[in-house]
Amino acid sequence: MHRRIGALAPSSRRTVAGCVGPDRRPARGEPAQPPLFLAVGTFVPHKGFGTALEAIALATARDVPVRLELIGDGPELEGLRERAGARRLGSHVDFRGRLPNEVVLDRLTSSLALIVPSEVQPDGDRDGLPVAILDAAACGVPAIATGISGIPDFVVDGVTGLIVPERDPEALLAAMVRLVDDPTLAARLGEAARARLEERHDSDRELRKLADAWFPRTSREAVRSTS
């Protein structure tokens, strides 16, 4: 985006501040059993939550012991519920509705990973960098995500999370099983994600960038000197 703005308005004054994660850094809890995966966001097509349900359907058919919680609401909620019912996923999928961020963070602390199966729609609609990824990183939890838009800037495959193709439940399930089979890998990816959050998305630092852009330090000092 910074490059695009520069191309359109090369002489403009530009400041880029990253998304910020939560100030709270919850302690990692004991992983739930069977392994728990979370999907968090508004239920709209570009979130790709249908792919997550298909991955769980495959897991159920193969007796892979995993659970999925979907947190949020939106226009696709009823369709997703019907899809889960048709696949008989009732004991493997929970729809938790919209929850306060503090509760989401608590649920993340006991999950193995966040599922972010975002996809590009035919009209170009897509995710940027979902805030849920930053919330998960704050909890030391990695994301399994697709490599679209700004996601790979944070989720680096094999470093801070795992990248899978869009609309590919087989690949998504394979990544989930990889973390189930190797909890040490999941912990390592989660800690690297937390370190990346603190390095690139610290709230104090990013907000200071905006403050300096809108109210240059010299202006702020002048206001203080006259008060």
Side-chain angles (χ1 to χ4, degrees), residues 1 18-22 28 31 35-59 64 66-72 74 76 80 93 101 104-105 107-121 124-183 185-201:
M1 182 63 71
C19 297
V20 298
R28 192 76 166 91
L36 173 66
F37 294 84
L38 259 60
V40 181
T42 304
F43 297 156
V44 291
H46 73 251
K47 289 294 185 182
F49 290 149
T51 298
L53 291 182
E54 293 303 320
I56 296 299
L58 291 173
V64 178
V66 294
R67 287 194 303 120
L68 173 68
E69 284 188 6
L70 292 105
I71 298 175
E76 287 209 315
L80 290 170
V93 174
N101 187 249
V104 174
L105 293 176
R107 296 304 299 155
L108 281 165
T109 60
S110 59
S111 68
L112 189 60
L114 177 74
I115 303 297
V116 188
S118 303
E119 57 191 49
V120 180
Q121 296 299 293
D125 191 24
R126 68 189 71 195
D127 258 328
L129 174 60
V131 173
I133 291 177
L134 305 184
D135 286 345
C139 301
V141 174
I144 301 173
T146 54
I148 67 170
S149 303
I151 292 174
D153 290 338
F154 192 91
V155 182
V156 180
D157 189 41
V159 179
T160 59
L162 299 176
I163 294 291
V164 296
E166 298 173 59
R167 300 177 175 87
D168 192 337
E170 286 279 2
L172 178 55
L173 177 59
M176 295 166 68
V177 170
R178 183 179 174 188
L179 296 187
V180 170
D181 290 344
D182 192 350
L185 171 63
R188 177 171 61 79
L189 295 175
E191 285 307 308
R194 190 197 296 259
R196 195 173 187 86
L197 176 72
E198 293 171 350
E199 175 190 354
R200 298 192 174 193
H201 298 271

Kindly indicate whether the side chain of [X], heavy atoms from C-beta on, has any atom under 4.5 Å from the side chain of [Y].
{"X": "Thr51", "Y": "Glu166", "result": "no"}
{"X": "Arg196", "Y": "Val159", "result": "no"}
{"X": "Phe37", "Y": "Val180", "result": "yes"}
{"X": "Val177", "Y": "Leu173", "result": "yes"}
{"X": "Leu112", "Y": "Met176", "result": "no"}
{"X": "Phe49", "Y": "Ile115", "result": "no"}
{"X": "Leu53", "Y": "Leu68", "result": "yes"}

Look only at the side chain of Thr146 and the backbone of Ser118, and say whether a donor-acceptor pair between them is shorter than 3.5 Å.
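Such a contact is found between Thr146 side chain and Ser118 backbone.
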Could you tell me which residues satisfy side-chain contact (heavy atoms from CB on, under 4.5 Å) with Ala132, sequence neighbours excluded, listed by chain and number?
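Listed in chain order: Val40, Leu114.
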Which heavy atom in [X] sits nearest to a heavy atom in [Y], and how many Å separate them?
{"X": "Ala52", "Y": "Pro117", "value": "CB-CG, 4.3 Å"}
{"X": "His46", "Y": "Arg126", "value": "CD2-C, 3.9 Å"}
{"X": "Gly150", "Y": "Leu129", "value": "O-CD1, 4.0 Å"}
{"X": "Phe154", "Y": "Ala137", "value": "CZ-CB, 3.6 Å"}
{"X": "Val164", "Y": "Ala171", "value": "CG1-O, 3.7 Å"}
{"X": "Pro130", "Y": "Val116", "value": "CG-CG1, 4.0 Å"}

Pairs involving residues 147-163, ordered by first then second residue, that meet salt bridge (charged side-chain N to carboxylate O under 4.0 Å, His left out) (sequence neighbours left out)
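Sorted pair list comes back empty.
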Provide the full list of salt bridge (charged side-chain N to carboxylate O under 4.0 Å, His left out) pairs with a residue in residues 44-55, sequence neighbours left out, each pair given once.
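Listed by first then second residue: Lys47-Asp127, Glu54-Arg83, Glu54-Arg87.
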Mind checking the [atom1]-[atom2] spacing from [X] to [Y]? Nearest 0.5 Å is all I need.
{"X": "Arg67", "Y": "Leu36", "atom1": "CZ", "atom2": "CG", "answer": "5.0 Å"}
{"X": "Arg188", "Y": "Leu179", "atom1": "CZ", "atom2": "CG", "answer": "10.5 Å"}
{"X": "Leu172", "Y": "Glu170", "atom1": "CG", "atom2": "CD", "answer": "10.0 Å"}

Steps toward side-chain contact (heavy atoms from CB on, under 4.5 Å) verdict (Leu185, Leu189):
CA-CA 6 Å; Leu185 171 63; Leu189 295 175; 3.9 Å; yes
